[in-house]
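Worksheet for the structure shown next.
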Amino acid sequence: MKIKNQLTTVLLLILMLTSTKGISQNKRSMNSTPTLPQKEQYDDEHLVSLLSGFTNHYQDVDGTRIHYVEGGEGSPLILLAGWPQTWWSFHKIMPILAKHHRLIVVDFRGMGSSSKPIEGYSKKNMAGDIASLIKKMGLDKVSIAGHDIGAGIAISFAGHFPVHTDKLIVLDTPHPEESLYKLPMLPIGMPVHPWWVAFNQVKELPELLLEGRFHLVQSWVFDRMLVNKKSITDFDRKVYAKAYETEDAIMSSNGWYQAFPEDIEDIKKMKMVEAPSLALGSSAGLTMLETSLAGYIKDIQLREIKNSGHFIQEEQPEKVASSILEFLISK
């Protein structure tokens, strides 16, 4: 117990050193434990029931159970979320997109209700999970969109499985590449210092520190990477907290980051993405997308989502959904 308390103190010191002013401004949200609703309010079955026309599914893919939510009619579109969220991050745009497309919104390995194996978290391998999933669903070619970690998987899918890719949509994050090795250890004036990229590389310690309190990290990230902090509601935050509070969830989600060195080598070997591609970026993220994506995507359109932070599909859902629909209908 003494060791655990000491480690908890270390975490709090890390957060204080990262942004003392910000933490003081958000003391209430950072230091209070969420009041949890009844268990069923968190469960996928209940969440899916809030979205008319969608159904909940599980599929075994090469020994890994993959959870996904499906709904809508038309050409198939895969949606992949990112850290520290789940499929629920798309809930605002799903009803809009489902009017024109068959949506398959996936919790990839390590996320939400999907299996959390010890290994297999390279973006190429997780793209292979998606390829196996669509094959089991009887689909041949899909469009695929990803945000954050999901964007890396979507890009890898388009690069390694081109015969199964119709169009690619990248939401505010490029694929891991060598520039990650140059991320500064100390803040250098960026709007947000991405300390978690390094912290998530550490094995075993994050699980010990954050089990049962991962909501502290989530609240910190959401509050600093949103223009409108209310766009991810208290209920949404509790949904995400449930998905990440356990030891295995922290271990597996950190696995996505610990695979970055392998991802960096994979992107060097990957063939240029030939599929028509759209990148939607926040004002802060657009320059990064423009600099990065041209190195491995041949035909890329860039579009800025204004008045938004990193979580664009929740902060500006109408703009994101209309941009996606406009792109998918174009030739």
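In this text, all values refer to a predicted model and were calculated from it rather than measured experimentally. Side chains are part of it too, since the values below use all heavy atoms of this structure and drop only hydrogens, waters and symmetry mates.
Partners of R303 according to the side-chain hydrogen bond (donor to acceptor under 3.5 Å, both in side chains) rule, which considers only residues two or more places apart in sequence or in another chain, are S323, E326. For F260, the ring-ring contact (aromatic ring centres under 6.0 Å, His included) partners two or more places apart in sequence, or in a different chain, are Y257. With sequence neighbours left out, H46 forms a side-chain hydrogen bond (donor to acceptor under 3.5 Å, both in side chains) with no residue at all. A search for side-chain hydrogen bond (donor to acceptor under 3.5 Å, both in side chains) contacts involving K306 returns nothing, not counting sequence neighbours. Residues satisfying the ring-ring contact (aromatic ring centres under 6.0 Å, His included) test with H100, not counting sequence neighbours, are none. Every residue was checked against the side-chain hydrogen bond (donor to acceptor under 3.5 Å, both in side chains) condition with S231, not counting sequence neighbours, and none meets it. With sequence neighbours left out, the side chain to side chain contact (heavy atoms under 4.5 Å, CB included) criterion links M137 to Y68, E70, R102, I104, L133, L139. The ring-ring contact (aromatic ring centres under 6.0 Å, His included) search around F161 returns F157, not counting sequence neighbours. For H147, the ring-ring contact (aromatic ring centres under 6.0 Å, His included) partners at least two apart in sequence or on another chain are H310, F311.
S283 and E304 share a donor-acceptor pair across their side chains, judged by distance under 3.5 Å alone.
Screening residues 129-139 for salt bridge (Lys or Arg N to Asp or Glu O under 4.0 Å) gives R109-D129 as the qualifying pairs, with residues at least two apart or on separate chains. The list of side-chain hydrogen bond (donor to acceptor under 3.5 Å, both in side chains) pairs with a residue in residues 271-281, not counting sequence neighbours, is empty.
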Taking only distance into account, with no hydrogens and no angle test, what donor-acceptor pairs under 3.5 Å do side-chain atoms of residues 176-184 form with protein atoms, sequence neighbours excluded?
from: E177; atom 1: OE1; to: S292; atom 2: OG; distance (Å): 2.3
from: E178; atom 1: OE2; to: K268; atom 2: NZ; distance (Å): 3.0

Candidate pair H67 and S114, rule side-chain hydrogen bond (donor to acceptor under 3.5 Å, both in side chains), full reasoning: CA-CA 5 Å; H67 168 249; S114 290; 5.3 Å; no

Evaluation steps, side-chain hydrogen bond (donor to acceptor under 3.5 Å, both in side chains), between D107 and S113: CA-CA 7 Å; D107 279 336; S113 296; 4.9 Å; no

